[in-house]
Amino acid sequence: MIWKLALHWQVFIGMIAGAAVALLAPDLAPAAATLGTIFMRLLRMVIVPLIFTSIVSGVAGIGDPRSLGRLGAKTLAYYLCTSLFAILVGLVLANGIRPGAQLHPPEGVVISPDQIERPGSLAEILIRMIPENPIQAASEGDILGLIFFALAFGLAIMFLPERGRTFLTEAFQTAFEAMMKLTGGLIRLAPLGVLGLIAGAISTMGFGVFAQVAKYMLTVALGLSFHFFVVLPALYFLLTRRSPVAHWRAMVAPMQLAFSTSSSSATLPVTMNTVERKAGVSNKVASFVLPLGATVNMDGTALYECAGVLFIAQALDVGLTVGQQAMVVLTALLASIGAAGIPSAGLVMIFIVLEAVNLSNPAAFALVGVMLAVDRPLDMFRTMVNVTSDTVGAAVIAQSEGETLRYDDS
Ligand code: ASP
């Protein structure tokens, strides 16, 4: 019986069924896609309270500002290093393969770049991290702003007198546990949700354009695969001295969900649940490292920004100097940090990187339109890489804090 199988097998069957519906019975795809929409809404429903309660209880529960500083420094160091690694992979591949050289601009199914909302400048993004009104930040899905406020609030609780501190820490801890229970319930719906998401994604893909930019798509896919199968496992092994196989096997559920939803934020509830239950990472580490990671640590996106801009430059026959390529590396890193954990956010941030190397012109924007037309499969893949890197970070940091990882891949 399907419902007796382990959840990741059920989700896998959901993925295949979704693809089958889209390809064999396209008339049913819109109805199936509704299942996906409902599932996405349920996941989104828990994101804001989950992030808020987890960070506040995580920070307040650490108890000592120095431990918080240590944990924060390790987390940021890991996130910056892995994203930088990913960008370098993208840089080497895009220079080696030159996916944009001799590109014949595809005709027809190009999405007008005017339809894409532009991000603000990098300075604006950094300033906007400080929310003028935390409630508005939460209601508008401004996750960076929400995280900033939650960190500050958790820190303030740490400095309260004993009685108030214990009361608030326990209250937020209990609220967080309730959110995790809710998440546990939602996860059971994942097979159906994934069926709908995959059916919807495949039925709206414009396969016609794929062939024309195949080299670009292959370059990005190759880079993401290298990061996913080589760089991250090697890093995991070096930092924990354990076999990465157990970790990768235990993390199948968040990987599948990241792939199906193209959203690190929507996957976050499942990522937290799985990292705690299947890798034995403490709540203290998971509740601090993972919400931050889902918003800030995007290796796949970082790789994509870099490869994407080089692709555009090559297609326009603009040679980028070494200095300009270094600028691409730096801005790709910042753009990946600023990108929200939602579908196609990475593509939108590419405007920032283009600007940094003076490629803000209509021809470049038209190519962004082409990239948008084929973005969905790449987004699925890069989101999976983003989330996997967060889980590796949680495991590595937990072990460095003296915890013993205990894997359960049932
Ligand atoms: N969809 C990605 C994520 O949520 C962001 C991106 O578009 O690169 O992680």
Side-chain angles (χ1 to χ4, degrees), residues 36 39-40 43-44 46-48 50-51 79 82-83 86-87 89-90 111 115-119 125 141-144 146-147 194 197-198 200-201 204-205 216-217 219-221 223-225 227-228 232 251 254-272 289-309 311 331-354 368-369 371-394:
F39 184 59
M40 265 312 243
L43 285 175
R44 290 224 182 101
V46 291
I47 296 172
V48 166
L50 182 74
I51 290 185
Y79 287 165
T82 53
S83 298
I87 296 178
V89 172
I111 297 176
Q115 288 173 20
I116 311 172
E117 202 184 314
R118 306 284 158 83
I125 291 176
D142 166 13
I143 304 293
L144 269 182
L146 182 70
I147 290 181
V194 161
L197 288 166
I198 296 283
T204 51
M205 277 180 198
Y216 150 74
M217 296 185 73
T219 308
V220 175
L224 292 173
S225 307
H227 196 70
F228 183 81
L232 286 175
M251 295 301 134
M255 289 172 190
Q256 288 171 321
L257 218 65
F259 186 80
S260 313
T261 59
S262 292
S263 167
S264 304
S265 295
T267 310
L268 178 67
V270 178
T271 316
M272 293 185 77
V289 172
L290 291 172
L292 267 182
T295 319
V296 170
N297 180 42
M298 297 195 177
D299 297 6
T301 304
L303 186 154
Y304 172 78
E305 304 288 339
C306 175
V309 168
F311 161 74
T331 37
L333 179 66
L334 296 175
S336 73
I337 294 175
I342 54 174
S344 282
L347 183 75
V348 174
M349 294 304 273
I350 216 157
F351 288 110
I352 287 185
V353 190
L354 285 173
V368 176
M371 289 160 73
L372 180 60
V374 297
D375 193 46
R376 182 68 201 214
L378 295 179
D379 195 7
M380 294 163 100
F381 199 4
R382 65 179 185 257
T383 308
M384 187 172 93
V385 173
N386 292 346
V387 168
T388 306
S389 172
D390 298 341
T391 68
V392 172

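Along the sequence shown, residues carry numbers from 1. Just so it is clear, the structure is predicted and the values come from calculations on it, not from any experiment. All ligand and atom numbering here is 1-based and tracks the order in the structure.
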Undergrad: Pairs of donor and acceptor atoms involving the side chains of residues 343-350, under 3.5 Å and at least two apart or interchain, shall be tabulated with distances.
TA:
unit_1: Ser344; atom_1: OG; unit_2: Asp375; atom_2: OD2; d: 2.7

Undergrad: Side chains of Asp142 and Leu146, heavy atoms from C-beta outward: is any pair under 4.5 Å?
TA: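 With C-beta onward as the side chain, the pair stays apart.
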Undergrad: Measuring from Ser264:OG to Ile342:CD1, what's the distance to the nearest 0.5 Å?
TA: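 If I round to the nearest 0.5 Å, the distance is 10.5 Å.
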Undergrad: Could you tell me which residues satisfy side chain to side chain contact (heavy atoms under 4.5 Å, CB included) with Thr271, sequence neighbours excluded, listed by chain and number?
TA: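 Testing Thr271 for side chain to side chain contact (heavy atoms under 4.5 Å, CB included), a comparison that skips the adjacent residues, returns Pro254, Thr267, Val275, Leu290, Val387, Thr391.
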Undergrad: I'd like to check Leu43 versus Ile47 (side-chain heavy atoms, cut-off strictly below 4.5 Å). Are they in contact?
TA: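 In short, these two side chains do not touch, never coming nearer than 4.5 Å.
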Undergrad: Using a threshold of 4.0 angstrom between heavy atoms of the protein and any atom of ligand 1, which residues qualify?
TA: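 Residue list for ligand 1: Ser262, Ser263, Ser264, Met298, Thr301, Ala340, Gly341, Ile342, Pro343, Ser344, Ala345, Gly346, Asp379, Arg382, Thr383, Asn386.
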Undergrad: List the residues meeting side chain to side chain contact (heavy atoms under 4.5 Å, CB included) with Asp299, not counting sequence neighbours, and say none if there are none.
TA: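 For Asp299, the residues satisfying side chain to side chain contact (heavy atoms under 4.5 Å, CB included) (neighbours in sequence not counted) are Thr82, Ser83, Ala86, His227, Leu232, Asn297, Val385, Ser389.
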